Amino acid sequence: MIDSLSQQEEEIPIILLRESLLKWWEVNGRHSIPWKKNCLGKTPASGELLDPYPIWIAEVMLQQTQFNVVLPFWNQWMNTFPSLDSLISSNEEEVLYVWQGLGYYSRGRRIYQAAIALKENQKVWPLTLEGWTELPGIGRTTAGSILSSAFDLPFPILDGNVKRLISRLIAFPKSPVKHVAKFWKLSEYLLDKKRPRDFNQALMDLGSFVCKPVKPSCNICPWKSYCIAYSNSKPILYPMKSVSKKKKISVVGIGIVTNDKGQILIDQRLNDGAFGGLWEFPGGKQKSGEKIEFTIAREIKEEIGIIVSVGEHLITLQHTYGQKKVHLIVHFCSIVKGEPKPLSSQQLRWVGVNDLKDYPFPAANERINSALIHKYAKR
DNA sequence: AAGACGGGGTT
DNA sequence: AACCCAGTCTT
């Protein structure tokens with residue numbers, strides 16, 4: 001049972017670790033976080049309750065975004081939506097407007113969805129892990145942060161900082177990603193149950209100021225004398241990475257459906273999901289054993305509800321985005337039967353080749369568009 | 001170009 | 001439960 005604590009780990013000196021960390025934090029931690037002040041603008045006493053609303057907003061903003069980036073957006077947010085009630089009486093569009101520039105817009109959308117859910121729950125703030133995690137956009141780490149920050153309740157956290165700290169502390173020889181259960185147990189085990197708010201913040205501060213991913217400042221680390229990676233080895237080796245899997249190539253068949261006016265059929269993707277709201281030519285992923293012409297016909301039947309015959313090849317291109325490689329194989333098609341319907345997109349449109357430039361396409365499609373323009377110019 | 005990252009979705 | 005994903009930033 002690798003995910004439970006070994007005897008050796010149960011002997012790690014938690015009392016000394018807690019004491020030394022909190023002592024370090026009192027001098028060197030971040031103590032000017034606006035959402036961690038009470039209504040008098042003071043640092044709260046142990047056990048004192050804080051308003052969860054500003055903390056919730058901050059913690060969601062802090063997902064994959066650094067503190068100094070978040071701060072101005074949080075200020076703007078609190079000016080625009082100072083309370084849960086003001087957020088509820090607003091709408092998604094205004095929320096996204098305030099979110100503009102912060103990235104990961106689904107976070108903003110989920111905050112709004114969660115606000116609506118809270119309203120239906122009589123606007124009572126949850127006091128349990130499940131109560132928070134069932135809200136959109138809140139996983140276990142964010143829930144633990146909110147519960148410990150707002151109510152000083154003893155819930156652990158496990159973000160990248162904590163995974164790195166623990167990996168180094170015990171010189172864990174594998175990727176934490178594969179052993180999250182064990183890391184959750186260790187985070188809970190380490191947590192000072194008498195001062196969860198301060199302790200979790202101290203963990204984060206230690207991770208961002210001292211136990212950094214590169215160039216950790218071990219010489220000033222309060223855990224220097226307890227850290228196995230420091231004493232034995234090189235801290236920089238941890239956390240271990242999981243063996244990188246090679247990115248898989250997917251093959252996508254795309255149809256240029258034309259009508260007798262020489263127009264081309266394009267569709268607008270749904271707003272949520274990949275390339276939300278952008279326009280594309282109909283098509284989709286090739287299934288194993290499928291001929292690409294069949295893929296195109298099948299996808300167009302599923303997405304547009306028409307039967308097409310797949311004709312001349314236009315272009316094949318490769319594109320890499322994120323972790324994925326795609327091969328796009330593009331064929332002309334003509335309608336054999338049926339009336340186009342937007343079965344899995346927002347809308348369809350017949351457009352002339354010269355009007356394609358007026359519609360936003362995913363980057364990979366630009367080369368298809370220029371191939372089309374080229375082709376039509378020669379006719 | 002490739003990896004890290006927290007929540008969520010899928011299998 | 002074990003993966004995989006989208007989107008953004010860092011290396």
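In what follows, chains carry the letters A, B, and so on, assigned in the order in which the sequence lines appear, proteins first and then strands, with residues in each chain numbered from 1. Computed from a predicted structure; not experimentally measured.
Under a 4.5 Å side-chain heavy-atom criterion applied to ILVMFWY residues, the cluster that includes A/Tyr238 comprises A/Leu237, A/Met240 as well.
As a whole-Å value, the separation of A/Arg109 CZ from B/dG6 P is 21 Å. Between A/Ile236 atom CD1 and C/dT11 atom P the separation is 11 Å, expressed in whole Å. Atom C1' of nucleotide C/dT10 and atom NZ of A/Lys212 are separated by 15 Å, given to the nearest angstrom. We find that CZ of A/Phe73 is positioned 12 Å from P of C/dT8, with the value rounded to whole Å. Following rounding to the nearest Å, A/Trp99 (CH2) and C/dT8 (P) show an atom-to-atom distance of 12 Å. Separating the CZ atom of A/Arg107 from the C1' atom of B/dC5 is a distance of 11 Å, rounded to the nearest angstrom. In this structure, A/Arg269 places its CZ atom 9 Å from P of C/dG7, rounding to the nearest Å. Rounded to an integer number of Å, the gap from CG of A/Leu62 to P of B/dG7 is 11 Å.
Results of the side-chain contact (heavy atoms from CB on, under 4.5 Å) test with A/Asn38 over A/Asp51, A/Thr43, A/Leu49, A/Leu50 single out A/Leu50 as the only residue that passes.
Using a 4.0 Å heavy-atom criterion, one finds that A/Arg110 contacts the sugar-phosphate atoms exclusively. Within the 4.0 angstrom heavy-atom criterion, only backbone atoms of the sugar-phosphate kind lie near A/Pro136; the bases stay farther away. Using a 4.0 Å heavy-atom criterion, one finds that A/Thr133 contacts no nucleic acid atom at all.
Ranking B/dG7, C/dC3, B/dC5 by closeness to the A/Tyr104 side chain, first place goes to B/dC5. When each of B/dC5, B/dA4, C/dG7 is scored by its nearest atom to the side-chain atoms of A/Lys241, the top-ranked nucleotide is B/dA4.
By the 30° and 60° cut-offs, the orientation of the rings of A/Phe172 relative to A/Phe183 is perpendicular.
Remark: A/Glu302 engages A/Arg298 in a salt bridge, criterion side-chain N to carboxylate O under 4.0 Å.
A donor atom on one side chain and an acceptor atom on the other are not found under 3.5 Å apart for A/Gln201 and A/Ser149.
A donor and an acceptor atom sit less than 3.5 Å apart, one in the side chain of A/Gln64 and one in the base of B/dG6.
Dashed line: the shortest gap from a side-chain N or O of A/Ser106 to OP1 or OP2 of C/dA6 is not under 4.0 Å.
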